[in-house]
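Quick notes on the structure that follows.
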Amino acid sequence: MPEALFVVTNVEQVRGFPKATGFDIREAASVWSELKKIGYNISFASLLGGPANGVLKGQITDSVAAFIHGFSENMAVPTSTVKSRLDHHYDLIYFVGGLGCMWDFPYKDDLHQLIRHALIRKTRIAAICHGPAAFVGLADSLGTAFTANRHVTGFSDAEEVSRGVMDLLPFSLQQALTESGARYSAAPDGHSHVVVDRGLVTAQNPASLPELCTTLTTQPVILERTAR
């Protein structure tokens with residue numbers, strides 16, 4: 001049975017920030033539902049472990065309803081610590097989005113160790129929305145950023161501005177990825193955009209969920225660098 005690890009944020013509320021910042025339930029539920037259909041065993045991890053609370057946004061779709069019901073009809077999932085998962089082999093590691101990722105994920109050694117182990121094992125890595133914040137600060141022994149020369153996407157500056165949160169965030173995810181040497185691209189606000197570069201799959205926003213699910217469930221892992 002294939003296995004997936006969903007990594008979620010522990011940062012559920014930030015002082016001075018007007019919105020809850022837990023993981024986005026839509027972004028977990030949609031992928032969770034589609035992977036379950038093809039036989040995946042799915043576990044959850046966070047940096048601190050313990051219950052992690054999600055944020056419910058948008059309509060309650062069938063996948064969201066099933067996800068909530070699957071976890072005792074509340075907005076939390078049980079997580080182990082990322083550190084405790086380092087030695088386990090997964091077929092997919094998925095960094096679920098949520099505003100809390102912007103405070104929780106960058107420059108975290110446990111997350112970076114998880115990604116390094118995944119690269120060695122040729123595990124597929126996926127991230128959506130603010131989930132690519134996990135890549136910020138990750139570099140090899142020569143100082144080359146993980147995202148350097150990789151095609152990636154993530155929540156755009158335009159999307160942050162339209163939601164009135166750009167000035168409240170600790171940094172711009174788009175700019176951080178670009179400054180690391182990533183070949184960042186984005187679609188207009190609310191449009192689907194999924195980018196595949198070798199075993200790395202990134203999705204820009206919740207509108208990208210159907211395309212992301214299709215990519216993760218039907219497309220083979222491509223380990224060679226994509227055409228430039």
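Predicted model, so just to flag it, every value in this text is computed and none were measured.
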(message) Keeping Thr153 on the side-chain end and Ser185 on the backbone end, is there a donor-acceptor pair under 3.5 Å?
(response) yes
(message) Using every non-hydrogen atom in the two residues, find where His130 and Leu99 come nearest and quote the distance to one decimal.
(response) CE1-CD2, 3.6 Å
(request) Considering non-hydrogen atoms only, spot the tightest contact between Gly97 and Cys129 and give its length. (result) CA-CB, 4.3 Å
(message) I'd like to know whether Arg183 forms a side chain to side chain contact (heavy atoms under 4.5 Å, CB included) with Val152, so could you lay out the CA-CA distance, the side-chain angles of the two residues, the decisive distance to 0.1 Å, and finally the verdict.
(response) CA-CA 6 Å; Arg183 298 175 182 242; Val152 301; over 6 Å; no
(message) Are Val8 and Phe95 packed together at the side-chain level, in the sense that at least one heavy-atom pair is separated by less than 4.5 angstrom?
(response) no
(request) Report whether Val195 and Ile115 are members of the same hydrophobic cluster (ILVMFWY, side-chain heavy atoms less than 4.5 Å apart, transitive linking). (result) no
(request) Using atom types as modelled and distance alone, determine if a side-chain donor or acceptor of Asp91 lies under 3.5 Å from a backbone N or O of Glu3. (result) yes
(request) Indicate if Val161 and Met102 have the same hydrophobic cluster label, given that clusters are the connected sets of ILVMFWY residues with side-chain heavy-atom separations under 4.5 angstrom. (result) no
(request) Say whether, by atom type as modelled, one donor and one acceptor occur between the side chain of Asn205 and the main chain of Ser208 under 3.5 angstrom. (result) yes
(request) Look only at the side chain of Ser43 and the backbone of Leu5, and say whether a donor-acceptor pair between them is shorter than 3.5 Å. (result) no
(message) Using side-chain heavy atoms (C-beta onward) and a distance below 4.5 Å, is Met166 in contact with Ser172?
(response) yes
(message) Could you check whether any side-chain N or O of Ser84 sits under 3.5 Å from a backbone N or O of Ser80, counting only pairs where one atom can act as donor and the other as acceptor?
(response) no
(request) Say whether Tyr94 and Phe155 are linked into one hydrophobic cluster, either directly or through other cluster members, by side-chain heavy-atom distances under 4.5 angstrom. (result) no
(message) Using 0.5 Å steps for rounding, measure from the CD atom of Glu34 to the CG atom of Leu212.
(response) 10.5 Å
(message) Is the distance from the ring center of Phe67 to that of His69 below 6.0 Å?
(response) no
(request) Look at the side-chain heavy atoms of Ile, Leu, Val, Met, Phe, Trp and Tyr, link any pair under 4.5 Å apart, and say whether Val7 and Ile120 land in one connected group. (result) no
(message) Quick one: does any side-chain atom of Ser180 pair with a main-chain N or O of Thr147 as donor and acceptor, under 3.5 Å?
(response) no
(request) Using modelled atom types only, decide if a donor and an acceptor are shared between the side chain of Lys108 and the backbone of Asp104 within a distance under 3.5 Å. (result) yes
(message) Could you measure the distance from the CH2 atom of Trp32 to the CD1 atom of Ile42? Nearest 0.5 Å is fine.
(response) 7.0 Å
(request) Could you grab the distance from atom CG of Asp110 to atom OG1 of Thr81, nearest 0.5 Å is fine? (result) 7.5 Å
(message) Just verifying a value: how many Å separate Leu216 CG and Arg124 CZ, rounded to the nearest 0.5 Å?
(response) 5.5 Å
(request) Rounded to the nearest 0.5 Å, what's the gap from OG on Ser156 to NE2 on His191? Could you check? (result) 12.0 Å
(message) If you define the side chain from C-beta out and look only at heavy atoms, does anything of Lys19 sit under 4.5 Å from Val165?
(response) yes
(request) Verify, without hydrogens or angle tests, whether Tyr184 (side chain) and Gly154 (backbone) share a donor-acceptor contact under 3.5 angstrom. (result) yes
(message) Determine whether a donor-acceptor pair (N or O, by modelled atom type, separation under 3.5 Å) exists between the side chain of Arg121 and the backbone of His88.
(response) yes
(message) When you compare the side chain of Leu92 with that of Leu35, does any pair of heavy atoms fall below 4.5 Å?
(response) yes
Which donor-acceptor pairs under 3.5 Å do the side chains of residues 44-54 make with protein atoms, sequence neighbours left out?
{"residue": "Ser46", "atom": "OG", "partner": "Asn10", "partner atom": "OD1", "Å": "3.3"}
{"residue": "Ser46", "atom": "OG", "partner": "Asn10", "partner atom": "ND2", "Å": "3.0"}
{"residue": "Ser46", "atom": "OG", "partner": "Gly49", "partner atom": "N", "Å": "2.9"}
{"residue": "Ser46", "atom": "OG", "partner": "Thr79", "partner atom": "OG1", "Å": "2.8"}
{"residue": "Asn53", "atom": "ND2", "partner": "Glu12", "partner atom": "OE1", "Å": "3.0"}
{"residue": "Asn53", "atom": "ND2", "partner": "Glu12", "partner atom": "OE2", "Å": "3.4"}

(request) Measure the shortest side-chain to side-chain distance between Phe105 and Val11 over non-hydrogen atoms and say whether it is less than 4.5 angstrom. (result) no
(request) Check the surroundings of atom CZ in Phe171: do more than 12 heavy atoms from other residues, nucleotides or ligands lie under 6.0 Å from it? (result) yes
(message) Set out, in order, the CA-CA distance, both residues' side-chain angles and the distance that settles side chain to side chain contact (heavy atoms under 4.5 Å, CB included) for Gln174 and Glu159, then state yes or no.
(response) CA-CA 10 Å; Gln174 176 178 334; Glu159 289 170 311; over 6 Å; no
(message) Could you go through Asp109 and Lys83, starting from their C-alpha distance and side-chain angles, then the distance that decides it, and tell me whether this counts as salt bridge (Lys or Arg N to Asp or Glu O under 4.0 Å)?
(response) CA-CA 9 Å; Asp109 184 63; Lys83 189 171 186 177; over 6 Å; no
(request) Report the C-alpha distance between Asp24 and Arg26 in whole Å, list the side-chain angles of each, state the deciding distance to 0.1 Å, and finish with yes or no for salt bridge (Lys or Arg N to Asp or Glu O under 4.0 Å). (result) CA-CA 5 Å; Asp24 191 321; Arg26 296 170 299 179; 2.7 Å; yes
(request) Evaluate the side chain to side chain contact (heavy atoms under 4.5 Å, CB included) criterion for residues Leu119 and Ile125: first the C-alpha distance (whole Å), next the side-chain angles of each, then the deciding distance (0.1 Å), finally the verdict. (result) CA-CA 8 Å; Leu119 294 172; Ile125 301 168; 4.0 Å; yes
(message) What verdict does the side-chain hydrogen bond (donor to acceptor under 3.5 Å, both in side chains) test give for His193 and Glu211, after you've listed the backbone C-alpha separation in whole Å, the side-chain angles of each residue and the deciding distance to 0.1 Å?
(response) CA-CA 8 Å; His193 186 54; Glu211 186 180 353; over 6 Å; no
(message) Please check: side-chain N/O of Ser30 versus main-chain N/O of Glu27, any donor-acceptor pairing under 3.5 Å?
(response) no
(request) Can you measure from CD1 (Ile93) to CZ (Arg85) and round to the nearest 0.5 angstrom? (result) 11.0 Å
(request) Could you list all the ring-ring contact (aromatic ring centres under 6.0 Å, His included) pairs where at least one residue sits in residues 9-28, not counting sequence neighbours? (result) Phe17-Trp103
(message) Tell me the closest heavy-atom pair linking Tyr90 and Ala4, and the distance in Å.
(response) CD2-C, 3.7 Å
(request) Show your reasoning for whether side chain to side chain contact (heavy atoms under 4.5 Å, CB included) applies to Met75 and Leu56. (result) CA-CA 8 Å; Met75 301 296 177; Leu56 186 58; 3.6 Å; yes
Can you give the donor-acceptor pairs under 3.5 Å from side chains of residues 131-146 to other protein atoms, not counting sequence neighbours?
{"residue": "Asp140", "atom": "OD1", "partner": "Leu142", "partner atom": "N", "Å": "2.9"}
{"residue": "Asp140", "atom": "OD1", "partner": "Gly143", "partner atom": "N", "Å": "3.1"}
{"residue": "Asp140", "atom": "OD1", "partner": "Thr144", "partner atom": "N", "Å": "2.9"}

(request) Answer yes if Val31 and Val55 sit in the same cluster of Ile, Leu, Val, Met, Phe, Trp and Tyr residues linked by side chain heavy atoms under 4.5 Å apart, and no otherwise. (result) no
(message) Testing the basics here: between Pro106 and Cys101, what is the closest heavy-atom pair and its distance to 0.1 Å?
(response) CD-O, 3.3 Å
(request) Answer yes or no: are there more than 12 heavy-atom neighbours, outside Leu86 itself, under 6.0 Å from its atom CG? (result) yes
